[in-house]
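Single-structure report; data block below.
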2 protein chains.
Amino acid sequence: MKSRLTIGKLAEAAGVGVETVRFYQRSGLLPEPERPLSGYREYTDADRRRIHFIKRAQTLGFNLEDIAGLLKLDGPQTCSVTHDLALEKLHVVKEKIDALVAIRDALQQMVRQCERKHRRGTCPIIQSLVQEEAKI
Amino acid sequence: MKSRLTIGKLAEAAGVGVETVRFYQRSGLLPEPERPLSGYREYTDADRRRIHFIKRAQTLGFNLEDIAGLLKLDGPQTCSVTHDLALEKLHVVKEKIDALVAIRDALQQMVRQCERKHRRGTCPIIQSLVQEEAKI
DNA sequence: CTTGACTCCGTACCTATGTACGGAGATTAC
DNA sequence: GTAATCTCCGTACATAGGTACGGAGTCAAG
């Protein structure tokens with residue numbers, strides 16, 4: 001099912017606006033699509049998945065430049081370049097995970113505290129988050 | 001050691017600019033500081049930690065509005081409000097962790113593949129990331 | 001007690017990431 | 001085949017999150 005999509009269909013399928021697709025193309029995040037009929041862009045499902053990936057990565061705190069770096073990992077580099085870049089990104093991702101796990105644990109503790117009605121003046125969310133700082 | 005900080009010292013200690021501190025104050029992310037001497041703001045170490053938390057949360061994909069919500073957990077609400085807000089944030093944080101773990105695993109697989117010199121035309125980073133989509 | 005660094009405030013400006021506009025041409029639905 | 005819809009392009013505008021400016025007041029070292 002090699003569905004050919006116009007820009008409008010792609011945008012709808014990916015949950016973004018047409019202008020966003022054009023913007024990503026201009027920014028180099030999407031490859032130049034074929035334009036057989038009259039100059040209209042023709043996209044494939046791979047482009048839709050790529051946009052999904054971009055949007056997901058954004059919610060994880062990567063900016064478009066970071067994301068371009070991640071997407072470059074799919075390119076035709078030598079394996080050593082890819083390897084090093086992947087390792088670097090891996091490091092960043094692991095750090096993000098650690099920081100989020102600390103926040104998750106603090107939130108969980110807070111929820112439990114509230115459920116045990118052990119409330120004092122204020123719930124110690126910032127304190128518990130902030131004291132992770134030395135570790136992170 | 002209840003160190004009193006001027007805005008410049010605070011900014012330096014927190015690794016941001018003076019204007020950023022003023023901006024956070026205007027945005028309600030930092031409380032109004034005391035201003036005993038001649039109107040100069042006087043900050044404490046709690047403010048420095050708060051800024052660190054804001055910066056850390058930003059790299060995890062929270063925007064300033066999200067962060068204000070997290071910081072509100074430290075406030076003097078009733079426990080039930082705090083509980084519900086914390087649960088909601090907990091959900092978001094867990095989702096972020098899951099997505100990052102998927103990316104981490106894909107990157108790890110990629111690094112291993114490169115190390116085994118099992119390279120084909122392109123490393124399958126996008127494919128492996130993108131195919132998580134159903135799960136996430 | 002002067003000089004240089006710091007702070008005040010409001011406002012203007014900047015970058016990243018989109019969003020919208022508008023007029024001309026292509027396509028599709030009737 | 002014509003009307004509605006879609007796409008083209010360049011450019012302008014919008015929003016979040018800062019960052020810089022400028023002129024006046026304050027503080028601290030010599």
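Letters A, B, ... are given to chains in the order of the sequence lines, protein chains preceding strands, and every chain is numbered from 1.
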- Message: Using whole Å, what does the distance between atom C1' of nucleotide D:dC6 and atom CD of A:E42 come to?
- Response: 14 Å
- Query: Separation of B:I67 atom CD1 from D:dA16 atom P, in whole Å?
  - Reply: 14 Å
- Hey, are the side chains of A:K94 and A:L90 touching, using non-hydrogen atoms and a 4.5 Å cut-off? yes
- Message: Rounded to whole Å, please give me the gap between CD1 in A:I7 and C1' in C:dT19.
- Response: 13 Å
- Atom CD of B:E65 and atom P of D:dT15 are separated, to the nearest Å, by 14 Å
- Could you tell me the separation between the CZ atom of B:R112 and the CG atom of B:L107, rounded to the nearest 0.5 Å? 11.0 Å
- Query: Roughly, in whole Å, what's the span from CG in A:L64 to P in C:dT17?
  - Reply: 4 Å
- Residue B:R41, side-chain atoms from C-beta onward, closest of D:dC6, C:dC8, C:dT17: C:dC8
- Applying the 4.5 Å side-chain criterion to the ILVMFWY set and letting contacts propagate, would B:Y40 and B:Y43 be lumped into a single cluster? no
- For DNA chain C, which consecutive runs of 3 or more Watson-Crick or G-U pairs (each distance under 3.5 Å) count as stems? C:1-30 with D:1-30
- Partner of A:L10 by side chain to side chain contact (heavy atoms under 4.5 Å, CB included), out of A:V21, A:V16, A:T44, A:D45: A:V21
Close N or O pairs between protein and nucleotides 27-30 of chain C (under 3.5 Å):
{"from": "C:dT27", "atom 1": "OP1", "to": "A:S38", "atom 2": "OG", "distance (Å)": "3.1"}

- Kindly indicate whether a cation-pi arrangement holds for B:K89 with B:F62, taking the cut-offs as under 6.0 Å to the six-membered ring centre and within 45° of the axis. no
- Message: With heavy-atom distances below 4.5 Å as the criterion, would you say the side chains of B:L100 and A:L100 are in contact?
- Response: yes
- Query: At under 4.0 Å between heavy atoms, what does A:T6 touch on the DNA or RNA strands: base, sugar-phosphate, or nothing?
  - Reply: sugar-phosphate
- Could you tell me the separation between the CD1 atom of B:I51 and the P atom of D:dG17, rounded to a whole number of Å? 16 Å
- In short, side-chain hydrogen bond (donor to acceptor under 3.5 Å, both in side chains) pairs touching residues 29-38 of chain B with sequence neighbours left out are B:Q25-B:E32
- Note on the structure: Contacts of B:E19 meeting salt bridge (charged side-chain N to carboxylate O under 4.0 Å, His left out) (sequence neighbours excluded), chain-then-number -> B:R22
- Quick one: salt bridge (charged side-chain N to carboxylate O under 4.0 Å, His left out) partners of A:E88, sequence neighbours excluded? none
- Query: Transitively linked via ILVMFWY side-chain contacts under 4.5 Å: A:L64 with A:L60?
  - Reply: yes
- Message: Checking the side chain of B:D66 only, and the main-chain atoms of B:N63 only, is there a donor and an acceptor separated by less than 3.5 Å?
- Response: yes
- Between C1' of C:dA16 and CG of A:D66, the distance in whole Å: 12 Å
- Query: Can you list, by residue number, the residues of residues 8-26 of chain A that have a non-hydrogen atom closer than 4.0 angstrom to DNA chain C?
  - Reply: A:E19, A:T20, A:F23, A:Y24
- Message: Regarding B:Q58, tell me which of base, sugar-phosphate or nothing describes its non-hydrogen contacts under 4.0 Å with the strands shown.
- Response: sugar-phosphate
